[in-house]
Structures are given as structure tokens and as C-alpha cells.
**Student:** 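Below you'll find the structure I mean.
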Number of protein chains: 2
Amino acid sequence: MRDHVEITRMTRQRRVIIEELRHLDTHPTADELYGLVKRRVPHVSLGTIYRNLDALAEAGVIRKLEMSGMQKRFDGNLEEHHHVRCISCGRVADVRVETDRDMDYPIMDASGYRITGQTVEFSGLCPECQKEDRPTN
Amino acid sequence: MRDHVEITRMTRQRRVIIEELRHLDTHPTADELYGLVKRRVPHVSLGTIYRNLDALAEAGVIRKLEMSGMQKRFDGNLEEHHHVRCISCGRVADVRVETDRDMDYPIMDASGYRITGQTVEFSGLCPECQKEDRPTN
DNA sequence: CTCAGTGCAAACGCTTTGCACAACT
DNA sequence: AGTTGTGCAAAGCGTTTGCACTGAG
């Protein structure tokens, strides 16, 4: 589970992508990141963003968040943590839960699956959307 | 949170979709269901499948599973339960966990989100893929 | 010098939608 | 009869990919 692929060359594009991601806690989507990287490397292409995000995620340098039924988001923070998604605007934030309790899920379920991992995804209303106080939308 | 939209007309397509879904525990994707429904309603279209699945999910008759980075799957079982996804073949099964513990997550997180829900998604190897014993794939 | 990485644009896979017609109620 | 639902095909959207070129090592 820790058999990461190596990153061989460090291109300008790649470095900038990593830097932008490290300086953000907003879990940007590929195209949001594209916008940011483009400011510093104007000729960059969206394909390059995607290719690098995949490579970096496989190398374990960043994390790919594949959340329910949404565009993928990327996280420069490698520490173990969960996420909340705003049900109104889609924004994603980190959740720090005191979770030793996360480990006491069954290793083998009745269904015969050998369970190897679990993700907890919270949903709720972000501070901004609470203000606008549209009850659910 | 229980403000379901009403289903007004019961067409043949709609009835067959519900029936197929109720008789399955395999959480089919829209196109798998399309294949099944087509056997009984040969002229059905994929667009109709999608439109009905959305309508039925909104009406609370079925559940839409929006799992991490995959095609959506649909579940005729409305009881509260979690799912395991096979990391090898993508198959999805139900998990019954004794979860009163699910409720004791924080209502309000430090990030300022008002947390209203949570989903736990397990990953693992299904029985079939354990046999083929490709360690991860 | 070499080959991994890039830009560009086209293709892809899943899902949604516009339109004219069909069929529940 | 009236209007919701349908089939079909086209469009949409995020993501991936083929190709010739570029640049890191």
C-alpha cells in the first residue's frame, strides 16, 4: 500500500503545481488549479495539469479526493484526515476528528469482502452558506 | 430533509425500473439497469433510465449512490446502511455495521461547518477477486 | 543525447437535454 | 383532453489520450 511510483523529472509546471497545492487548503479542482498555475506558467495546458496531478498522487506527493458524485479535488496535505463537503456550494474543507474509533470497523464483513480501507465523508453547510441561510437547497 | 417530490404517473418503464432494482442487491449502474430493463421493455432508452432514476431518487423511492470517483450506482434498499467497493472489480455490496457509533460524530466542526450528515465508504476485495488473488491490481 | 514531459486538439465515458411524439390519469 | 413521460440524437462536462515537439538530466 506504500509502493509509490517515483517522480523523475521536475519541470517548471510540476513544481508550480506542487507549490500552489501546498499553499492552499481549499482542495481545488483540476481546472481551479489550472487557473492558478496559468498565472505563473501562462502556456500551461489543462492536460498537463491532469497528467501531473495523477502522477503526483500516484507518487504520494499529493492526495486525490474522489468525493461522491463530484469533480475530483486535490489535497496537498498528506496527513490522515477527513473532509466535509458543503451541500450548498460544494466547497470542501478538512475535518479533524479524534478518531481512534476509525480503526474499530470490522476487518471482514459478512458479505465476504476483505475490507482494507474506509473513508468518512461529512456533509453540511459551510459558514458562508449558513449566513445566506437557505435551509438546504 | 424528507421533503420528497411526488411521482405522479406510473409508466411501464418506471415500474420495471423499480421492480428490477428491488430484486437486485448488486447496486447496478444506469447502463447495467438499462440492459436489464431492455429485456422487458425493448424500446426503452438510456435517457429514460436516467430520468427515472433521478426522479425516483428524488421521490425517495430508491437511493442514488454517489461513490468516490466512479459511475453512479442505484440501490433499491432504503434502509440505512453502508457500502463496500471492491478495489479490483468495482462491484459494490452492502455492509451492515452495528453503528450507533455512527451518531457520535461532532455536530459542529472547528471549521465552522454545520455538519448534517456523513457517509462511510469501505473499500476492499470482493470474494471473487480474493480468489483471483491479484494482491491489489 | 535521450526520453519523460508538454501543448494542443480530438476523443472518451457518463450523464443531461431539446424536441416532437406517445400514453398515463 | 391535458400534460407528464418517452425515444432519439445531440450536446455537455470532466477527464484522458495521440502526436509531434521541448527541455530536464
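Heavy-atom basis, side chains included; hydrogens, waters and symmetry copies ignored. Everything quoted here is computed from the prediction, not taken from an experiment. Proteins get letters first, then strands, A, B, ... in listed order; numbering begins at 1 in each.
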**Student:** I'd like to know whether B:Leu53 forms a side-chain contact (heavy atoms from CB on, under 4.5 Å) with B:Lys72, so could you lay out the CA-CA distance, the side-chain angles of the two residues, the decisive distance to 0.1 Å, and finally the verdict.
**Tutor:** CA-CA 11 Å; B:Leu53 288 172; B:Lys72 294 183 181 63; over 6 Å; no
**Student:** Run through the side-chain heavy atoms of Ile, Leu, Val, Met, Phe, Trp and Tyr, join any pair under 4.5 Å, and report what else lands in A:Leu78's cluster.
**Tutor:**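 For A:Leu78, no cluster forms, as it stays isolated from other hydrophobic side chains.
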**Student:** From CD of A:Glu32 over to P of D:dT15, roughly how many Å is that when rounded to an integer?
**Tutor:**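 Taking atom P of D:dT15 as the reference, CD of A:Glu32 is at 11 Å.
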**Student:** Check side chain to side chain donor-acceptor pair (under 3.5 Å) between B:Asp25 and all other residues, then give those that pass, not counting sequence neighbours.
**Tutor:**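 B:Asp25 satisfies side chain to side chain donor-acceptor pair (under 3.5 Å) with no other residue.
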**Student:** Is there a residue in residues 10-27 of chain B whose heavy atoms reach under 4.0 Å of DNA chain D, and which residues are they?
**Tutor:**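 B:Thr11, B:Gln13, B:Arg14 - these, ordered by number, are the residues of the stretch whose heavy atoms sit under 4.0 Å from the strand.
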**Student:** Just by protein heavy atoms under 4.0 Å, how would nucleotides 15-23 of chain C read 5' to 3' in B, S and -?
**Tutor:** BBBB----B
**Student:** Considering residues at least two apart in sequence or located in another chain, which fulfil the side chain to side chain contact (heavy atoms under 4.5 Å, CB included) criterion with A:Arg9?
**Tutor:**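 Once residues adjacent in sequence are excluded, A:Arg9 has no partner under the side chain to side chain contact (heavy atoms under 4.5 Å, CB included) criterion.
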**Student:** Sequence neighbours left out, what passes side chain to side chain donor-acceptor pair (under 3.5 Å) with A:Tyr34? Give chain and number order.
**Tutor:**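 Expected list: A:Lys38.
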**Student:** Who pairs with A:Thr8 by side chain to side chain contact (heavy atoms under 4.5 Å, CB included), at least two apart in sequence or on another chain?
**Tutor:**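 Scan of A:Thr8 (side chain to side chain contact (heavy atoms under 4.5 Å, CB included), adjacent residues dropped) gives none.
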**Student:** Considering residues at least two apart in sequence or located in another chain, which fulfil the side chain to side chain donor-acceptor pair (under 3.5 Å) criterion with B:Thr48?
**Tutor:**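 Side chain to side chain donor-acceptor pair (under 3.5 Å) check on B:Thr48 returns B:Ser45.
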**Student:** Can you pull out how bent the helix from C:dC1-D:dG25 to C:dT25-D:dA1 is, comparing the axes over its first five and last five pairs, to 10°?
**Tutor:**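 The angle, to the nearest 10 degrees, is 30°.
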**Student:** When you check the side-chain N and O atoms of B:His27 and B:Asn77, is any donor under 3.5 Å from an acceptor?
**Tutor:**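 The criterion, which ignores hydrogens and geometry beyond distance, is not satisfied for B:Asn77 and B:His27.
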**Student:** I want to check one thing: is the phosphate of D:dG5, taken as OP1 and OP2, less than 4.0 Å away from some side-chain N or O of B:Thr8?
**Tutor:**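 For D:dG5, OP1 or OP2 has a side-chain N or O of B:Thr8 closer than 4.0 Å.
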**Student:** I need the full list of salt bridge (charged side-chain N to carboxylate O under 4.0 Å, His left out) pairs touching residues 10-19 of chain A, with sequence neighbours left out, sorted by first then second residue.
**Tutor:**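 Pairs touching residues 10-19 of chain A that pass the test: A:Glu19-A:Arg40.
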**Student:** Run the side chain to side chain donor-acceptor pair (under 3.5 Å) test against A:Ser68 and tell me which residues pass, sequence neighbours left out.
**Tutor:**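 Applying side chain to side chain donor-acceptor pair (under 3.5 Å) to A:Ser68 gives A:Glu121.
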**Student:** Which residues within residues 33-44 of chain B lie with some heavy atom under 4.0 Å of an atom in DNA chain C?
**Tutor:**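 Result for residues 33-44 of chain B: none.
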**Student:** Report yes if some heavy atom in the side chain of A:Asp75 is under 4.5 Å from a heavy atom in the side chain of A:His81; otherwise report no.
**Tutor:**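 Touching, per the 4.5 Å side-chain cut-off.
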**Student:** Specify the separation, in whole Å, of atom CE of A:Met67 and atom P of D:dT15.
**Tutor:**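 Rounded to the whole Å, the gap is 14 Å.
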**Student:** Any chance you could lay out the side-chain contact (heavy atoms from CB on, under 4.5 Å) test for A:Thr26 and A:Glu32, step after step, and finish with the verdict?
**Tutor:** CA-CA 10 Å; A:Thr26 54; A:Glu32 284 166 357; 5.7 Å; no
**Student:** Starting from C1' on D:dT16, measure out to CG on A:Asn52 and report it in whole angstrom.
**Tutor:**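 Answer to the nearest Å: 14 Å.
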**Student:** Using a 4.5 Å cut-off on heavy atoms from C-beta on, say whether the side chain of B:Ile87 contacts that of A:Arg114.
**Tutor:**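 A side-chain contact under 4.5 Å is absent here.
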